[in-house]
Number of protein chains: 2
Amino acid sequence: MNIIIKMAKLNLQKIFTDFTAKKGLKHSDIRLKILDVLNEGQKHLSASELFAKVRERYPTVGQATVYRTLKLLCECDICRELRTEDGLARYEVAMGHEHHDHIVCLGCGRFEEAVDEKIEKLQIQLAKSKGYSLKRHKLMLYGLCPKCK
Amino acid sequence: MNIIIKMAKLNLQKIFTDFTAKKGLKHSDIRLKILDVLNEGQKHLSASELFAKVRERYPTVGQATVYRTLKLLCECDICRELRTEDGLARYEVAMGHEHHDHIVCLGCGRFEEAVDEKIEKLQIQLAKSKGYSLKRHKLMLYGLCPKCK
DNA sequence: TTACCTGCAAAGAATTTGCAGGGCC
DNA sequence: GGCCCTGCAAATTCTTTGCAGGTAA
């Protein structure tokens, strides 16, 4: 394993462990395993997809544990939840990655990341003009990709 | 009823009727009633909230019909579906209203509309830079409102 | 020992589907 | 008359909860 990935992984594990400890929870290997699988796998996994991947490697893990762990991971901002149009909650590791938004092809369902600094800044101003202090945002762009146009 | 609202209502009804006719569906008063209730009520109703409102006025309507009608209304772009963080699908009449995005207070849950022309334009460019032609987008801003700051 | 952790199964919640009677064209 | 429409209830799907045995501290 690439040394940088390994360090990132250890780092996330430490952040997670510290978070659960501070919350008064006990140490759990299974939670860390679930974090690993989420971190190594493809992005935008739904809970049940993640559950399937976890089961491949750790066949005894129950799906309630996966749901409970995802909740904790979101609570400490290691991971974030996307609500897609299919109504499923999807998850991605957010910490240690640059912030990004998403662009989805309406033709083939292809899903990629996108970000524009100017838009980010304007969002802060827009919130401010309404009297809000912006904490975060979600932007989804829907269109047709080069192949589907 | 204000004459302008009345005309807008008739207009939406006509668009909807034309759409269902073109789709080979038959005329249905109930669908139009559901559209009216959605159009007159407060924004961002969930399917079950809409169902409750419809039932107040038309006690025999089944909730399956409300769900089916919402699907149709979204298909023809009269209404749009918002996926909020609570996992519920919420609906608002989009046609005949200016496009807008939403800003949500993380403190009290307050929900208002927001829009910025520059952001809109930059989104189109951002999509273009990825090779996509933008059809639509969803932007949600999360922050603290003046009262909750 | 006290609480948390976990898998399992059951419960819940939101939404969809099947069906049978009724209505539009 | 044929096909769509509708309410009802059952089925599905995703997610949460309760429980009983196990485990960290």
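Computed over heavy atoms, backbone and side chain alike; hydrogens, waters and symmetry mates excluded. We name chains A, B, ... by the order of the sequence lines, and we start the count at 1 in each one.
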Below 4.0 angstrom from OP1 or OP2 of C:dT15, is there any side-chain N or O of B:Tyr67? yes
Is the phosphate of D:dC4, meaning OP1 or OP2, less than 4.0 Å from a side-chain N or O of B:Ser28? no
Please work out if A:Gly24 contacts a base, only the sugar-phosphate, or nothing of the nucleic acid, heavy-atom cut-off 4.0 Å. sugar-phosphate
Using a heavy-atom cut-off of under 4.0 Å over every strand shown, decide if A:Lys23 touches base, sugar-phosphate, or nothing. nothing
Please determine whether a side-chain nitrogen of the Lys or Arg among [X] and [Y] lies less than 4.0 Å from a carboxylate oxygen of the Asp or Glu.
| X | Y | value |
| --- | --- | --- |
| A:Glu113 | B:Lys130 | no |
| B:Glu40 | B:Lys53 | no |
| B:Glu81 | B:Arg83 | yes |
| B:Glu75 | B:Lys23 | yes |

Considering heavy-atom distances to DNA chain D, does B:Lys26 or B:Gly62 have its closest nucleotide positioned more toward the 5' end? B:Lys26
Earlier contact from the 5' end, DNA chain D, for B:Arg31 and B:Pro59: B:Arg31
Of all the choices, [options], which nucleotide is nearest to the side chain of [X] once you look at every atom?
| X | options | value |
| --- | --- | --- |
| A:Ala47 | C:dT15, C:dG7, D:dT15 | D:dT15 |
| B:Thr60 | D:dG7, C:dC25, C:dT15 | D:dG7 |
| A:Ile30 | D:dC8, D:dT15, C:dT6 | C:dT6 |
| A:Arg68 | C:dT17, D:dC14, C:dG7 | C:dG7 |
| A:Ala89 | C:dC8, D:dA24, D:dT15 | D:dT15 |

Can you check the [X] [atom1] to [N] [atom2] distance for me, whole Å?
| X | N | atom1 | atom2 | answer |
| --- | --- | --- | --- | --- |
| B:Lys71 | D:dC5 | NZ | P | 15 Å |
| B:Leu82 | C:dA14 | CG | C1' | 17 Å |
| A:Glu49 | D:dT13 | CD | C1' | 14 Å |
| A:Asp29 | C:dT6 | CG | P | 9 Å |
| B:Arg55 | D:dT6 | CZ | C1' | 12 Å |
| A:Phe51 | D:dT13 | CZ | P | 16 Å |
| A:Gln63 | C:dG7 | CD | P | 11 Å |
| B:Leu25 | C:dC25 | CG | P | 11 Å |

B:Phe111 and B:His44 aromatic ring geometry - parallel, tilted or perpendicular at 30°/60° bounds: tilted
Looking just at side-chain N and O atoms, do A:Asp36 and A:Gln13 make a donor-acceptor pair shorter than 3.5 Å? yes
Can you confirm if the aromatic rings of A:His99 and A:His137 lie within a centre distance of less than 6.0 Å? yes
Start with the C-alpha distance between B:Leu72 and B:Phe16, add both sets of side-chain angles, then the distance that settles side-chain contact (heavy atoms from CB on, under 4.5 Å), and finish with yes or no. CA-CA 9 Å; B:Leu72 289 170; B:Phe16 191 33; 3.9 Å; yes
With five pairs defining each end axis, the helix from C:dT1-D:dA25 to C:dC25-D:dG1 comes out bent, to 10°, by 30°
